[in-house]
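Residue numbers start from 1 in every chain, and the chains themselves are labelled A, B, ... in the order their sequence lines are given, proteins ahead of strands.
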Amino acid sequence: MRNPMRTLLVVTSLVLALGASAARAHAFLDRASPLVGSTVASAPHEVILTFTQNLEAAFSTVEVTDGNGARVDQGKASVSGNTMRIGLKAAGPGSYKVNWHALSVDTHTTQGAFTFRIGNP
Amino acid sequence: MPALRASQTFALGLLFAVLSYSEAFAHCFVGARFFPATLAIDDPCVADELSLPTISWEKTADMPPASEWDASAEISKRITEDLGISIGDTWSQINHPGGPKMAGFADLETTLQYQLLKDSDHEFAELLGLIVDWGGTGASNSGIGTAYTLLTPTYYFGKGFGDLPDQAGWLRAFAVTGEIGYQIPSRSFDVVQQAAVPQAVPWGASIQYSMPYLKSEIQDLQLPDFINHLILITEAQMTTPAANNFGNSWVTTGTINPGVIYIGGTYQIGLEAQVPVNRESGHGIGVLGQLHFYLDDMFPQTVGQPLLGPKTAAAQKPNF
């Protein structure tokens, strides 16, 4: 068993070394404000999404809709580094959905959606 | 020595593949759902990935049971956006108590796969594959390889439950995957073993609970970061004899594998127990572990692109 295992170990180490030097990855949503699935007492002024990778501004977007599907965001997201933010119009109590698409700087696309509520926690 | 030369050749081949190909992208994302590479069965996507190594230990169904170690490697590469190929091999060592020790390579396995469907809204993926275990390429003298080839057309699927209503809450983080095939040997009778070579139905499934999905799509419970990288999983891997099984048992054999997969940025690590479903499947609980690399993340401009055709759907502006 020794020789094949040693070969595997050597190849694995080389791949690890190669990968570590070049690695970037898909942009996962790391945290959001308001928090994913949370209930906040008052309407936030903006939604902030922080990702695990830097984003390409031209191809990364977010929209926020109310329970009737009407947009309540201010239309243009701003992207800086790994953070995307979008302003909100005045919003009342209810459930809101955040839909986002992200393109990381190494051209990997990801997407997702979550809800938050405005009301009594 | 022949086994050693084969392993070195395979290792060099893997390195050559990693270093030389140019173009490709994407492991198994379907909408917001990420299906990890499963350890016992295959995930429902073509991809640019490398499993290196997958190592397992188990006690065989023999009486008395033998101790078996397997170490394998597999590389998957997309040819076009929807067409991919995998090449892999397994080195096995079987120790019979008080008896002979057998070791060698199993037959070389290749898989051609075509992505039938990726439905982002419903987190649903379908894949067709043709697995070929090439007879005569393994250690057939020790019974680890075979002298005949096996052809196994296989259907794979994956379904995430993120499209359930919001009221389903944490249940939306569940997903299932599965596969079913029909294994056809190139010979109906093994002259060496003096036994019929059965046709069989290999099938399997997994149920997964994604902590990353829970955190980013349903509710951020602000759990420790390590927990938020875990996918809890139970896999089942079975084989049911179907035809030409004269003189053999008709019992379905296989294992059920509870375990966990840690999702890193460019890799994943999986660890599962292997629980035999009956006496014909083995004795006691085995172990299965795997280190798996996402080549599209490690080498996004080279290995992580398809060999042919457009460079993936990366630069498509969303429609809102």
Side-chain angles (χ1 to χ4, degrees), chain A residues 1-12 14-16 18-26 28-38 49 51-53 56 58-63 65 71 73 75 95 97 99-116, chain B residues 3-4 6-8 10-12 14-15 18-19 25-27 29 31-32 34 50 52-53 55 69 71 73 91 93 103 105 120 162 166 169 212 214-222 264-267 291 293-302 304 311-320:
Chain A
M1 182 170 185
R2 194 171 60 235
N3 289 332
M5 288 300 285
R6 191 163 52 197
T7 305
L8 270 179
L9 187 64
V10 169
V11 176
T12 302
L14 283 170
V15 174
L16 274 172
L18 285 168
S21 64
R24 289 192 183 129
H26 287 76
F28 288 101
L29 179 62
D30 188 37
R31 59 184 182 276
S33 174
L35 282 175
V36 172
S38 65
L49 308 179
F51 292 86
T52 56
Q53 301 293 324
E56 287 286 353
F59 299 100
S60 300
T61 59
V62 58
E63 71 170 16
T65 53
R71 288 185 67 162
D73 60 71
S95 181
K97 187 154 200 167
N99 278 286
W100 58 266
H101 284 73
L103 178 67
S104 62
V105 290
D106 63 348
T107 72
H108 289 123
T109 55
T110 48
Q111 66 183 79
F114 66 88
T115 59
F116 69 89
Chain B
L4 180 59
S7 71
Q8 288 174 329
F10 184 60
L12 286 172
L14 283 173
L15 264 183
V18 167
L19 290 169
F25 157 92
H27 37 292
F29 281 92
F34 170 59
L50 175 66
L52 182 73
I55 294 178
W69 281 96
W91 186 86
Q93 178 178 281
F105 280 91
S120 297
D166 284 349
L214 176 69
K215 179 198 172 190
S216 64
E217 295 286 314
I218 303 169
Q219 187 165 17
D220 185 353
L221 298 171
Q222 298 191 283
T266 57
Y267 66 93
L291 178 59
F293 299 95
Y294 308 133
L295 297 182
D296 57 314
D297 278 335
M298 295 172 70
F299 310 101
Q301 306 302 329
T302 54
K311 283 201 169 187
T312 301
Q316 291 178 350
K317 193 156 189 170
N319 293 322
F320 59 79

Taking the side chain from B:Lys215 and the backbone from A:Arg31, do they hold a donor-acceptor pair closer than 3.5 Å?
-> no
Within the side chain of A:His108, is there an N or O that forms a donor-acceptor pair under 3.5 Å with the backbone of B:Pro300?
-> no
Max heavy-atom pairs within cutoff under 4.5 Å with chain B, candidates A:Ala32, A:Ser104, A:Ser95, A:Ala113, goes to A:Ala113
Under 4.5 Å from a heavy atom of chain B, the part of A:Ser38 involved | neither
Using the ring of each side chain (for Trp, its six-membered ring), is B:Phe29 parallel, tilted or perpendicular to A:Phe28, with breaks at 30° and 60°?
-> tilted
Nearest heavy-atom approach of B:Ala32 to A:Gly112 is CB-CA, 4.0 Å
If you look at every heavy atom in B:Glu217 and A:Gln111, which pair is closest and at what distance?
-> OE2-O, 4.3 Å
[atom1]-[atom2] distance between [X] and [Y], expressed to the nearest 0.5 angstrom:
{"X": "A:Leu35", "Y": "B:Asp220", "atom1": "CG", "atom2": "CG", "value": "5.0 Å"}
{"X": "B:Thr266", "Y": "A:His26", "atom1": "OG1", "atom2": "NE2", "value": "12.0 Å"}
{"X": "B:Ser216", "Y": "A:Phe51", "atom1": "OG", "atom2": "CZ", "value": "9.5 Å"}

